[in-house]
Every structure is written in structure tokens, then in C-alpha cells.
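Here is the structure we will look at, set down as C-alpha cells.
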Amino acid sequence: MDADGSVDMFSKVLESQLLQSAKLVEEQLDSEIQKLDRMDEDELEHLKEKRLQALRKAQQQKQEWLSKGHGEYREIPSERDFFQEVKESKNVVCHFYKDSTFRCKILDRHLAILSKKHLETKFLKLNVEKAPFLCERLRVKVIPTLALLKDGKTQDYVVGFTDLGNTDDFTTEMLEWRLGCSDILNYSGNLMEPPSQSQKKFGTNFTKLEKKTIRGKKYDSDSDDD
């Protein structure tokens, strides 16, 4: 068979596959339409009410998060404030920083963006010079460090930029992926590998992160008095 014949055969096979795919989609749509047609008014009203309830619940959850300080990247003034903030929210990212460390300002920019995108997570920053006891308790030694807390316990840490490509030029998407690997925010992409944009920029020398759980202490009402 000559080259032209191979091309023609390939084209026919591709066309056949496309037709089959289109037919399958059409059948699925027909099935959904028929299902809706078979519903009586009571069933349609019930379906509508369920969707409205889901929307109301989502809106209530959003308002609850906002009332607890989610939706913005905030600085807290003291260690005591840290314990209270952590008690209130299920997912917390706290940036331990120093004014004199310029890489902290790099993280500030990315965290401010993520705080608006991920309302389900509270984003905070705390000056290490105002939190000596807390830094010792959480073993914060490298600046910057992100402490990732879930249900009042330290779940994981992002120390420096090692997990972000070992570069100051990492993207917000890269940090978002890293936080998603610790299940501290709702990540919609593929957790098995970093974002493709970052992968092209920094090469392929990334190790796939497994979800890590670092045992921490639960901050209960007694913690403020420790």
C-alpha cells in the first residue's frame, strides 16, 4: 500500500471514531432529555428545590468563612491571636516571616492571590519576632516557613522554596499545587505532578510529593495559657 493509501485509511478510521463519539454524546443527551420529559411537575419542583437548597447552603458557608476572616491575607499581631484564629477555622495557612527576609515578600504576593481564590482556607502571617514561644513549639527555624494547619493541628510545613522549584520565580499555581498536596485547600488540578507551566519553566527535576502528615499538637482552650 502506498503512502496516499495509508493516509486515506487513517482518515477513514479517524472519521469513524469521531462519528462514534458524536453518536455516544447524542445518545447521552437524548437519555437526559427523556428523563426530564418523564418527570411530572412535582418531581421537577423537587429537583429545583434541591438545587436551590444547595445554592443557599453554599452561600451560607461562604458568609461563614468571610465572617471568620477568610477571603483576605491578614497579619495577626501576636501568638495569642494565632491560637484563636486556628480554633475558628478548619484549614489555616500561616506564614512565619521576617521584615528583613526578602523572600517573605515573594510569598506575600502569592498568598494574597490565593486567599481570594480559596475562601475555604484562612491565610495569615505572623512576625517571628513577636512569636518566640510559638516558633519554638512549631519548630520554625527557616524563614520563610508556611505552617499548614487542619482542625487545629499542624498538618505539614512548606519550608523555604525547596518544594516550589528552588527558585524565587515560582508561580502562584505552583504554590497552590503544593498546598493542595497537603489537602489544606481544594485543588482542582492533578496532584500527581506540578502545574505544566511551572514544569516547563523549571525543567522536570521535580519529585512527586506524597501527602504528608506531620503530627502536631491540638490547640485547645488551655494552649493560650501554656
Side-chain angles (χ1 to χ4, degrees), residues 69 72-87 89-115 117-118 121-185 187 191 193-195 198-199 201-219 223-224 226:
E72 60 178 333
Y73 177 46
R74 296 181 292 116
E75 179 160 10
I76 51 177
S78 69
E79 295 174 318
R80 189 174 294 274
D81 294 283
F82 172 87
F83 292 114
Q84 184 59 41
E85 293 278 3
V86 166
K87 288 179 192 175
S89 299
K90 181 179 180 64
N91 299 315
V92 178
V93 174
C94 186
H95 174 200
F96 288 88
Y97 81 97
K98 273 185 181 179
D99 285 325
S100 58
T101 304
F102 82 92
R103 287 190 173 89
C104 293
K105 294 178 174 58
I106 295 174
L107 270 179
D108 284 342
R109 185 173 69 251
H110 295 296
L111 293 170
I113 294 170
L114 291 177
S115 68
K117 181 177 180 181
H118 291 279
T121 303
K122 178 182 286 185
F123 289 83
L124 306 171
K125 62 185 297 189
L126 178 58
N127 192 324
V128 294
E129 294 174 354
K130 297 179 180 180
F133 163 75
L134 189 57
C135 288
E136 182 179 354
R137 181 168 179 172
L138 297 183
R139 298 183 181 89
V140 175
K141 299 183 183 299
V142 176
I143 304 299
T145 285
L146 298 181
L148 315 182
L149 301 106
K150 184 178 286 288
D151 295 321
K153 297 179 181 179
T154 50
Q155 181 88 356
D156 200 355
Y157 297 91
V158 179
V159 180
F161 293 172
T162 302
D163 292 344
L164 304 173
N166 261 335
T167 176
D168 294 342
D169 297 326
F170 65 88
T171 63
T172 303
E173 291 75 21
M174 186 65 180
L175 177 58
E176 182 182 25
W177 166 79
R178 175 62 184 85
L179 297 178
C181 288
S182 296
D183 194 30
I184 211 68
L185 52 74
Y187 185 71
L191 287 174
E193 59 183 29
S198 300
Q199 212 167 8
K201 187 171 183 179
F202 304 130
T204 57
N205 295 323
F206 288 105
T207 56
K208 295 178 181 179
L209 292 178
E210 296 180 358
K211 288 185 179 180
K212 298 181 292 183
T213 302
I214 298 178
R215 291 186 178 180
K217 297 180 180 178
K218 183 173 177 59
Y219 302 119
S223 296
D224 292 352
D226 286 348

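Take Lys117 and apply the side-chain hydrogen bond (donor to acceptor under 3.5 Å, both in side chains) test, not counting sequence neighbours, and it matches Glu176. In this structure Lys90 satisfies the salt bridge (Lys or Arg N to Asp or Glu O under 4.0 Å) test together with Asp151, sequence neighbours excluded. Asp168 meets the salt bridge (Lys or Arg N to Asp or Glu O under 4.0 Å) test with Arg103; sequence neighbours excluded. For His110, the side-chain hydrogen bond (donor to acceptor under 3.5 Å, both in side chains) partners are Thr172, not counting sequence neighbours. Applying the side-chain hydrogen bond (donor to acceptor under 3.5 Å, both in side chains) criterion to Ser89, with sequence neighbours excluded, gives His70, Lys122. Contacts of Thr101 classified as side-chain hydrogen bond (donor to acceptor under 3.5 Å, both in side chains), with partners at least two apart in sequence or in another chain: none. Under the salt bridge (Lys or Arg N to Asp or Glu O under 4.0 Å) criterion, Lys105 pairs with no residue at all, not counting sequence neighbours. The ring-ring contact (aromatic ring centres under 6.0 Å, His included) check on Phe161 picks up Phe170, with sequence neighbours excluded. Glu75 meets the side chain to side chain contact (heavy atoms under 4.5 Å, CB included) test with Tyr97, Lys125, Asn127; sequence neighbours excluded.
The line from OG of Ser78 to CZ of Phe133 is 12.5 Å long, rounded to the nearest 0.5 Å. Note that the CD atom of Glu85 and the CG atom of Leu126 stand 10.5 Å from one another [nearest 0.5 Å]. One finds the SG atom of Cys94 at 8.5 Å from the CG atom of Leu146 (value rounded to the nearest 0.5 Å). Note that CD of Glu193 is 11.0 Å distant from SG of Cys181, once rounded to the nearest 0.5 Å. We find the CG-CG distance between Asp183 and Asn91 to be 7.0 Å, quoted to the nearest 0.5 Å. For the atom pair Glu129 CD and Ile143 CD1, the distance stands at 9.5 Å (nearest 0.5 Å).
Contact between Ala112 and Ser115 at its shortest, heavy atoms only, is O-OG, 2.8 Å. Residue Glu173 comes nearest to Pro195 through the heavy atom pair O-CG, 3.5 Å, listed as atom of the first residue, atom of the second, then distance. For the pair Leu191 and Trp177, the tightest heavy-atom approach, listed with the atom from each and the gap, is O-NE1, 3.3 Å. Closest heavy-atom contact between Val140 and Thr145: CG1-CB, 4.0 Å.
Between His95 and Asp108, the closest side-chain pair of non-hydrogen atoms falls below 4.5 Å. Contact of the Asp156 side chain with the Arg178 side chain is registered, since non-hydrogen atoms from C-beta on lie closer than 4.5 Å. Contact check for Pro144 versus Phe96: no side-chain heavy atoms found under the 4.5 Å cut-off. Counting only heavy atoms from C-beta outward, the side chains of Val93 and Leu124 never approach each other to under 4.5 Å. Counting heavy atoms from C-beta on, the side chains of Leu179 and Phe123 come closer than 4.5 Å. The closest side-chain heavy-atom distance from Pro132 to Glu79 is below 4.5 Å. Leu175 places a side-chain heavy atom less than 4.5 Å from the side chain of Leu114. At least one side-chain heavy atom of Leu148 sits less than 4.5 Å from a side-chain heavy atom of Val158.
The main-chain N or O of Arg109 is never found under 3.5 Å from a side-chain atom of Tyr73 such that the two would form a donor-acceptor pair.
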Go through the steps to decide whether His118 and Tyr187 satisfy the test side chain to side chain donor-acceptor pair (under 3.5 Å), and finish with yes or no. CA-CA 9 Å; His118 291 279; Tyr187 185 71; over 6 Å; no
